[in-house]
Each structure stands twice: as C-alpha cells, then as structure tokens.
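Scroll down for the structure; my scribbles are underneath it.
Just so it is clear, the values below take in all heavy atoms, side chains as well, and ignore hydrogens, waters and symmetry mates. Here, residue 1 is the first one in the sequence, and each next residue gets the next number.
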Amino acid sequence: KTIEEGKDVFLEIEVQGALQVRKAMPEGVFIFLTPPDLNELESRIVNRGTDADDVILERMKKAREEIALMKYYDYSVVNDQVDAAVAKIEAIIQSEHLRIARNLDTIEELEDRVEDIVEDILEEVVGDISDEYDDEELLYKKINNSTYIFEAKILLIDFSKVTNIP
C-alpha cells in the first residue's frame, strides 16, 4: 500500500533477504552499505567489546561473503563517516526520484497537455482542427442483428469491436 501511494520504503536487511526482495521487486533500489575496508570493520567489531573471538571470526567471514554479493546491488555507499554516508544515500534517493523511467507517465501526460494547448491555440487562429482524439462521426450503421453498413475508412479493429468478429 505504501509503495502504491508513491512513498519510499526502506528495508534494513541482510544480503540474502535483499536478494529475495530484489526478485520480488526488481524496480526497487538497492544500496549496499559497506565499511571503508575489512580491517576497519574488524576494528569496529573488536572495539565494541561485545563479541568473543570466534564470533568475530564468523562475522568477518560473513562480511567477506556479503561483499562478494555487492555486485547485485545498484549502489555502494562507504560508511566511513555517518553524515557523509547519509548525504550519499539521500542523493541516491533524490536521483532515483528524477529517473526518466520512474516519471514516464508524468512526462507522457505533460506531452499530451502541451499538444492540447498547441491545438487549442491553432484552433483559435485557423478554426476547428480534427484529429484522432476528436469524436468522429459514426462509421457504421446497424441495419439489424446481422447486417451492418460500414464506411470504407473504418479500421479493422473497430470493425471487430462492433461486430464481435475477430
């Protein structure tokens, strides 16, 4: 529901979870937050003083495996300084909001509006202009349930719609 409303959704999940989400939502934007290097990561974990040596070794092994999967993400942000990392993530989000592919409906709507305005201006200058969007005169006349008279300029698709004949 949140996505349908055009709101951003952020998930802080491990790599395997992100890969599953990517399969379900390929249009999502995936940002890999990485330490400056593995030595810095190990230093951070050790300095916390909360994990035993065997846990630290396991976490480092997992970090190497996850970094190898970074290629499946769209962006990588180095988490060396929190403020800088946040600014980079905000820039990514802003850039993604401006992507042409994400705004295609909006651009097509704008093009349609511009065409309508140009047509209105031309009609003010030269009079009525007929185009494919104007209501056209009826191109067929139904005589009875099985008999129709068609104008020669009717499209086959219109013929199919009227007669239910593919």
Side-chain angles (χ1 to χ4, degrees), residues 1-121 131-136 154-166:
K1 180 181 176 184
T2 304
I3 293 172
E4 291 170 3
E5 293 172 354
K7 295 180 181 176
D8 295 326
V9 175
F10 296 91
L11 303 174
E12 184 180 346
I13 54 180
E14 293 189 19
V15 173
Q16 293 302 324
L19 296 177
Q20 289 176 359
V21 172
R22 188 169 208 46
K23 286 180 184 175
M25 304 254 344
E27 70 278 8
V29 177
F30 295 81
I31 304 171
F32 191 97
L33 196 59
T34 182
D37 58 54
L38 289 174
N39 292 332
E40 176 66 21
L41 176 62
E42 187 172 9
S43 175
R44 290 177 185 180
I45 294 170
V46 169
N47 289 336
R48 286 184 196 142
T50 57
D51 294 326
D53 288 345
D54 60 329
V55 173
I56 292 172
L57 288 174
E58 189 59 36
R59 289 188 67 185
M60 293 304 298
K61 178 183 174 193
K62 185 174 182 181
R64 285 182 183 85
E65 291 168 356
E66 288 181 345
I67 288 170
L69 297 171
M70 184 170 50
K71 62 188 174 189
Y72 298 109
Y73 283 68
D74 301 306
Y75 298 93
S76 170
V77 173
V78 176
N79 187 14
D80 50 355
Q81 295 177 352
V82 174
D83 291 343
V86 168
K88 290 173 185 175
I89 291 169
E90 288 173 341
I92 291 168
I93 294 165
Q94 182 64 29
S95 296
E96 287 294 324
H97 280 266
L98 299 173
R99 273 186 176 269
I100 297 290
R102 295 193 191 281
N103 294 293
L104 197 53
D105 290 343
T106 306
I107 291 169
E108 289 173 352
E109 289 171 11
L110 178 62
E111 289 172 344
D112 290 345
R113 279 187 265 152
V114 169
E115 287 176 11
D116 290 344
I117 291 169
V118 169
E119 182 178 332
D120 290 346
I121 292 170
D131 65 13
E132 67 273 19
Y133 301 108
D134 291 334
D135 291 332
E136 292 187 21
I154 192 167
L155 297 173
L156 288 177
I157 192 161
D158 293 332
F159 175 83
S160 294
K161 287 178 187 175
V162 171
T163 63
N164 292 322
I165 299 172

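- The number of heavy-atom neighbours closer than 6.0 Å to CG of D83, taken from other residues, nucleotides and ligands shown, is 12 or below.
- Considering every non-hydrogen atom in both A85 and V78, the closest pair reads CB-O, 3.9 Å.
- With contacts defined as side-chain heavy-atom distances shorter than 4.5 Å, the pair H97/D8 qualifies.
- The side chain to side chain contact (heavy atoms under 4.5 Å, CB included) search around E42 returns V46, I56, M60, not counting sequence neighbours.
- Between E58 and K62 there is no salt bridge, since no side-chain N of the basic residue sits under 4.0 Å from a carboxylate O of the acidic one.
- Using a 4.0 Å cut-off between charged nitrogen and carboxylate oxygen, D74 and R22 count as a salt-bridge pair.
- Atom CD of Q16 is separated from atom CD of E65 by 9.0 Å, given to the nearest 0.5 angstrom.
- In this model, a donor atom of one side chain and an acceptor atom of the other lie less than 3.5 Å apart for S43 and N47.
- Residues K88 and L33 are not in side-chain contact: their nearest non-hydrogen atoms beyond the backbone lie 4.5 Å or more apart.
- V9 places a side-chain heavy atom less than 4.5 Å from the side chain of L11.
- Interatomic distance, CD of E66 versus CG of L19, reported as 9.5 Å (0.5 Å rounding).
- I121 pairs by the side chain to side chain contact (heavy atoms under 4.5 Å, CB included) definition with I117, not counting sequence neighbours.
- Partners of D51 by salt bridge (charged side-chain N to carboxylate O under 4.0 Å, His left out), not counting sequence neighbours, listed by chain and number: R59.
- The salt bridge (charged side-chain N to carboxylate O under 4.0 Å, His left out) test applied to E96 returns R99, R102, not counting sequence neighbours.
- Applying the ring-ring contact (aromatic ring centres under 6.0 Å, His included) definition to pairs two or more places apart or across chains, those involving residues 22-48 are F32-Y73.
- Scanning for side chain to side chain contact (heavy atoms under 4.5 Å, CB included) contacts around E12 gives an empty result, with sequence neighbours left out.
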task = Applying side-chain contact (heavy atoms from CB on, under 4.5 Å), run through V82 and V86 and close with a yes or a no.
result = CA-CA 6 Å; V82 174; V86 168; 4.2 Å; yes
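- Looking at I89 and I93, their side chains come closer than 4.5 Å, going by heavy atoms from C-beta outward.
- Here the closest heavy-atom approach between residue L41 and residue A63 is recorded as CD2-CB, 3.5 Å.
- The closest side-chain heavy-atom distance from I45 to R48 is below 4.5 Å.
- Looking only at side-chain heavy atoms (C-beta outward), N79 and T34 stay at 4.5 Å or farther from each other.
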